[in-house]
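Letters go in sequence order (proteins before strands), and every chain restarts at 1.
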There are 2 protein chains.
Amino acid sequence: MREPLPPDMFEELCPSGLVPIRFGDKWAGLVLACLRTGPRRYSELRVPLARVTPRVLTRSLRALERDGMITRTVEQSPPRVEYRLTPLGHSLMELYATVCDWTARHWDELLDAREAYDAEHAEATAR
Amino acid sequence: MREPLPPDMFEELCPSGLVPIRFGDKWAGLVLACLRTGPRRYSELRVPLARVTPRVLTRSLRALERDGMITRTVEQSPPRVEYRLTPLGHSLMELYATVCDWTARHWDELLDAREAYDAEHAEATAR
DNA sequence: CAGAATCCGCCCGGATACTG
DNA sequence: CAGTATCCGGGCGGATTCTG
């Protein structure tokens with residue numbers, strides 16, 4: 001006996017692109033982690049995130065700013081731009097940490113499953 | 001005084017594409033939700049996920065299977081394919097639920113921030 | 001210093017049509 | 001029934017070069 005699904009549960013549903021905000025962004029989690037202990041300037045973010053090109057980093061920052069996760073404050077003399085977590089961003093960062101924690105705890109399981117699956121399908125195409 | 005970042009924290013880091021597994025997949029969360037109360041056949045999944053084309057649904061299912069989140073069992077006479085959550089998949093589903101919960105609780109905040117940001121930048125380009 | 005401009009390749013989501 | 005085959009458009013990540 002199968003339990004029925006709510007009939008209209010998925011009528012106006014939010015796909016993953018909407019629901020887990022910023023979790024589709026490749027570098028957003030790392031940006032949040034960089035800002036966890038305090039505000040950082042653009043060039044300070046570029047050091048730990050050296051593998052991210054300026055174009056990509058800027059876009060991630062803008063997206064996080066648009067969603068109210070970080071603030072961007074400009075001041076001249078000296079010219080500097082400072083990024084800082086908002087309370088909302090801090091909350092997201094903590095959620096993100098729980099996700100990373102989950103991943104770390106189940107990482108081996110996942111790798112094993114992936115390896116088994118790939119082995120299974122390699123022989124299927126090899127034969 | 002800024003707290004320093006761990007120097008090699010991001011040397012071999014995992015970007016978001018790896019860490020929050022399946023969270024980049026647009027429909028994965030809904031698939032997990034559909035399988036929460038028990039196993040479902042392919043055609044049973046297609047009903048609530050009517051907006052997802054077979055090609056896309058199949059790919060999501062394969063990806064989830066590869067990562068050990070669901071199992072796919074085939075039996076003929078009658079011809080049927082059954083998808084079922086693994087314990088790991090169940091665990092991921094619960095994590096996903098907490099993410100959705102967080103989103104629901106902060107959704108208004110996010111929309112407000114987004115609206116304010118867009119308004120701010122609309123006048124910048126209009127001028 | 002903090003990006004912007006330009007260009008590119010890839011993958012993903014989607015639509016449509018077809019099949020063992 | 002449970003997919004596969006083909007094609008398409010868009011967006012994202014990335015590399016490189018340039019600028020107020």
Side-chain angles (χ1 to χ4, degrees), chain A residues 2 10 13-31 34-35 39-67 70-84 121 124-125, chain B residues 2 10 13-31 34-35 39-67 70-84 121 124-125:
Chain A
R2 295 161 192 276
F10 301 96
L13 47 75
C14 297
S16 300
L18 295 176
V19 174
I21 311 121
R22 298 287 89 224
F23 281 17
D25 187 308
K26 187 168 180 179
W27 303 105
L30 259 36
V31 171
C34 286
L35 296 176
R40 304 272 162 192
R41 295 170 52 199
Y42 185 80
S43 51
E44 288 178 310
L45 289 171
R46 291 222 58 199
V47 175
L49 299 172
R51 303 189 322 179
V52 190
T53 59
R55 179 184 187 321
V56 173
L57 178 58
T58 297
R59 198 178 22 172
S60 285
L61 289 169
R62 292 288 139 84
L64 286 168
E65 186 194 0
R66 185 169 109 99
D67 286 356
I70 63 177
T71 59
R72 175 177 177 274
T73 54
V74 186
E75 44 198 305
Q76 50 268 58
S77 58
R80 45 167 60 219
V81 176
E82 195 173 68
Y83 292 94
R84 182 190 305 261
H121 282 72
T125 51
Chain B
R2 297 160 191 276
F10 302 97
L13 48 74
C14 297
S16 300
L18 295 176
V19 174
I21 312 122
R22 300 286 87 228
F23 281 18
D25 187 309
K26 185 169 180 180
W27 302 104
L30 260 34
V31 171
C34 285
L35 296 175
R40 303 272 161 191
R41 294 170 52 198
Y42 185 80
S43 51
E44 288 179 310
L45 289 172
R46 292 223 57 200
V47 175
L49 299 172
R51 301 189 325 180
V52 191
T53 60
R55 182 190 188 308
V56 173
L57 178 58
T58 297
R59 199 180 21 174
S60 285
L61 289 168
R62 290 291 139 81
L64 285 168
E65 185 194 0
R66 186 170 109 97
D67 286 354
I70 64 177
T71 58
R72 174 178 177 273
T73 54
V74 186
E75 44 199 307
Q76 49 268 58
S77 58
R80 44 168 59 221
V81 176
E82 196 174 68
Y83 292 95
R84 182 189 304 259
H121 282 74
T125 50

Exercise. Going from CZ on Arg72(A) to CG on Leu64(A), what distance comes out if it is rounded to the nearest 0.5 angstrom?
Worked result: 13.5 Å
Exercise. What are the two closest heavy atoms between Arg41(A) and Pro79(A), and how far apart are they?
Worked result: NH2-O, 3.9 Å
Exercise. Of all nucleotides in DNA chain C with an atom under 4.0 Å from a non-hydrogen atom of chain B, which is the first and which the last going 5' to 3'?
Worked result: dC12(C) to dA15(C)
For this session: Return the minimal non-hydrogen interatomic distance between Ala63(B) and Arg22(B), and the atom names on each side.
Result: CB-NH1, 3.6 Å
Exercise. In whole Å, what is the span from the CD atom of Glu75(B) to the P atom of dC1(D)?
Worked result: 15 Å
Exercise. What's the verdict on side-chain contact (heavy atoms from CB on, under 4.5 Å) for Tyr83(B) and Leu35(B), showing C-alpha distance, side-chain angles and the deciding distance?
Worked result: CA-CA 8 Å; Tyr83(B) 292 95; Leu35(B) 296 175; 4.2 Å; yes
Close N/O contacts between protein and nucleotides 3-7 of chain D (under 3.5 Å):
residue	atom	partner	partner atom	Å
dG3(D)	OP1	Arg62(B)	NH2	2.8
dG3(D)	OP1	Arg72(B)	NE	3.2
dG3(D)	OP1	Arg72(B)	NH2	2.6
dG3(D)	OP2	Tyr83(B)	OH	2.7
dT4(D)	OP1	Arg62(B)	NH1	3.3
dT6(D)	O4	Arg55(B)	NE	2.9

Exercise. For the atom pair CZ (Arg59(A)) and NZ (Lys26(A)), what is the distance rounded to the nearest 0.5 Å?
Worked result: 11.5 Å
Seminar exercise, completed: The residue among Glu65(A), Glu82(A), Arg84(A) that forms side chain to side chain contact (heavy atoms under 4.5 Å, CB included) with Thr71(A) is Arg84(A)
For this session: Measure from CZ on Arg41(B) to P on dC1(D) and round the result to the nearest Å.
Result: 7 Å
Problem set entry | Presence of Trp27(A) side-chain N/O under 4.0 Å of dC12(D) phosphate oxygens OP1/OP2 | no
For this session: Could you label the plane-to-plane angle of the Phe23(A) and Phe23(B) rings as parallel, tilted or perpendicular, counting under 30° as parallel and over 60° as perpendicular?
Result: parallel
Exercise. Do Tyr42(A) and Leu61(A) touch side chain to side chain, with heavy atoms closer than 4.5 Å?
Worked result: yes
Exercise. Say you draw a straight line from CD1 of Ile70(B) to OG of Ser60(B); how long is it, rounded to the nearest 0.5 Å?
Worked result: 9.0 Å
For this session: Specify the separation, in whole Å, of atom NZ of Lys26(B) and atom C1' of dG11(D).
Result: 12 Å
Exercise. So, is Ser43(B) near the phosphate of dA2(D), with a side-chain N or O under 4.0 Å from OP1 or OP2?
Worked result: yes
Problem set entry | Five-pair end axes of the helix from dC1(C)-dG20(D) to dG20(C)-dC1(D) and the angle they enclose, rounded to 10° | 60°
Seminar exercise, completed: Rounded to the nearest 0.5 angstrom, the CZ-CG distance for Arg51(B) and Leu57(B) is 13.0 Å
For this session: Let me know which of Val52(A), Leu49(A), Leu45(A) forms a side chain to side chain contact (heavy atoms under 4.5 Å, CB included) with Leu30(A).
Result: Leu49(A)
